[in-house]
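Working notes for the structure below.
A quick note: this is a predicted structure, and the numbers were derived from the prediction, not measured.
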Amino acid sequence: QVQLVESGGGLVQPGGSLRLSCAASRSIFSFRSMGWYRQAPGKQRELVATITSGGSTNYPDSVKGRFTIVRDNAKNTVYLQMNSLKPEDTAVYYCKFLGGVTMTEYWGQGTQVTVSS
């Protein structure tokens, strides 16, 4: 089973930036889609960003214009660039890859992002 290792989380002040990384243990070229989700205490997990194998991206209104998902096939890594961070962005962020053939979901271990002054 492919492993996903996340990094880049931490504490940042409102208006600051962070870049999250999700590194896969093998090539990411064949995955149907890759993306990021987040879950805050007491709330349901929500979609943050997705990118398909063809390069199409999608963002919910809550992060549109502030977050950008980027794929680097050579490094087997997907990034989430987060700018203009707000306290409501505080959550555990999870990356997820969707297999192109089996439709199997692969999840990272989660990384904490805290936005506070």
Transitively linked via ILVMFWY side-chain contacts under 4.5 Å: [X] with [Y]?
X	Y	value
Tyr59	Leu98	no
Val2	Val78	yes
Leu47	Val92	yes

Can you name the nearest heavy-atom pair linking [X] to [Y], along with the distance?
X	Y	answer
Ser117	Pro14	N-CD, 3.8 Å
Ala40	Ala91	N-CB, 3.8 Å
Asn76	Ser27	OD1-CA, 3.3 Å
Ile69	Met34	CD1-O, 3.7 Å
Leu4	Ala24	CD2-CB, 3.7 Å
Val48	Tyr37	CG2-C, 3.9 Å

Whether over 12 other heavy atoms sit under 6.0 Å from Gln13 CD: no
Within 6.0 angstrom of Glu46 CD, more than 12 heavy atoms from elsewhere: yes
Salt bridge between Lys86 and Asp89, side-chain N to carboxylate O under 4.0 Å?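 Salt bridge: no.
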Counting only N and O atoms by type, is there a donor-acceptor contact under 3.5 Å from the side chain of Thr90 to the main-chain atoms of Val115? yes
Look at the side chain of Thr102 and the backbone N and O of Gly99, then say whether any donor-acceptor pair between them is shorter than 3.5 Å. no
Determine whether Leu11 and Gln112 satisfy the following criterion, side chain to side chain contact (heavy atoms under 4.5 Å, CB included), listing intermediate values before the conclusion. CA-CA 8 Å; Leu11 175 65; Gln112 177 71 46; over 6 Å; no
Measure the spacing between [atom1] of [X] and [atom2] of [Y] and express it to the nearest 0.5 Å.
X	Y	atom1	atom2	result
Asp72	Cys22	CG	SG	12.5 Å
Glu6	Thr77	CD	OG1	12.0 Å
Met82	Leu18	CE	CG	4.5 Å
Arg71	Ile51	CZ	CD1	4.5 Å
Met103	Ser33	CE	OG	7.5 Å
Tyr79	Trp36	OH	CH2	10.5 Å

Does a donor on one side chain and an acceptor on the other come within less than 3.5 Å for Ser17 and Asn83? yes
Exercise: do Lys96 and Tyr106 side chains pair donor with acceptor under 3.5 Å: no
Both conditions, 6.0 Å and 45 degrees, for the charged tip of Arg38 above the ring of Tyr94: are they met here?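 The answer is no; the distance or angle limit is not met.
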Geometric cation-pi criterion Arg45 and Trp107, 6.0 Å radius, 45° cone: yes
Kindly determine whether Thr111 and Leu20 satisfy side chain to side chain contact (heavy atoms under 4.5 Å, CB included), including the steps that lead there. CA-CA 8 Å; Thr111 184; Leu20 306 183; 4.1 Å; yes
Given the rule in the side chain to side chain contact (heavy atoms under 4.5 Å, CB included) test, do Thr50 and Thr57 qualify, once you have shown the distances and angles that lead to the verdict? CA-CA 5 Å; Thr50 60; Thr57 58; over 6 Å; no
With a 4.5 Å limit on heavy-atom distance, are the side chains of Ile28 and Asn73 in contact? yes
Any side-chain heavy-atom pair of Arg32 and Ser53 under 4.5 Å: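 Arg32 does not reach Ser53 side chain to side chain.
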What class does the angle between the rings of Phe97 and Phe31 fall in, given that below 30° is parallel, 30 to 60° is tilted and above 60° is perpendicular?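 Answer is perpendicular, since the angle exceeds 60°.
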